[in-house]
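Take a look at the structure set out below.
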Amino acid sequence: MENMINILAELTVGMVSLVIAYFLIPWLKEKRLIAVVRKAVEAAEKLSEHEPINKKEYVKRILSSMGIRLSETVEAIIEGCVLELDLLISNVRDPEITDEKDYI
């Protein structure tokens, strides 16, 4: 009976390890990738305020220098981060305030 409990415990630990390796690690890598791309996009935006640059090429160069392979997925993440930043900037520049009461 004790041997059976040890076997079940080892199987449970093995299954949990498998789930972590299969789902959690890729998810964490994706979250890290998105955070890195977002910072690179923000840096390109800030740099472009002072000198004219090709922001997308700047982001690609930064990612490549970090060893990130530029795939279609990475390109889509770049575009998403750019859109997110553009929306954030447009909301800051042009808030939809219709009445002074909205300030309170």
Members sharing Leu87's hydrophobic cluster (side chains within less than 4.5 Å): Leu83
Connected hydrophobic set around Ile7, excluding itself, where side chains approach under 4.5 Å: Leu11
Hey, can you pull the donor-acceptor pairs under 3.5 Å for the side chains in residues 63-77, sequence neighbours left out?
from  : atom 1 : to    : atom 2 : distance (Å)
Ser64 : OG     : Lys60 : O      : 3.1
Ser65 : OG     : Ile62 : O      : 2.7
Ser71 : OG     : Thr73 : N      : 3.4
Ser71 : OG     : Val74 : N      : 3.4
Glu75 : OE1    : Lys56 : NZ     : 3.2
Glu75 : OE2    : Lys60 : NZ     : 3.1

Salt bridge (charged side-chain N to carboxylate O under 4.0 Å, His left out) partners of Lys46, counting only residues at least two apart: Glu49
Salt bridge (charged side-chain N to carboxylate O under 4.0 Å, His left out) against Glu10, all qualifying residues, sequence neighbours excluded: none
Passing candidate, side chain to side chain contact (heavy atoms under 4.5 Å, CB included) with Val41, options Val36, Leu85, Asp86: Leu85
Interatomic spacing from CZ in Arg61 to CD1 in Ile53 - rounded to 0.5 Å: 7.5 Å
Gap between atom SG of Cys81 and atom NZ of Lys39 - 0.5 Å precision: 11.0 Å
Pairs meeting criterion salt bridge (charged side-chain N to carboxylate O under 4.0 Å, His left out) with involvement of residues 13-33, two or more places apart: none
Minimum heavy-atom distance Val59-Ala40, with the two atoms named: CG2-O, 3.6 Å
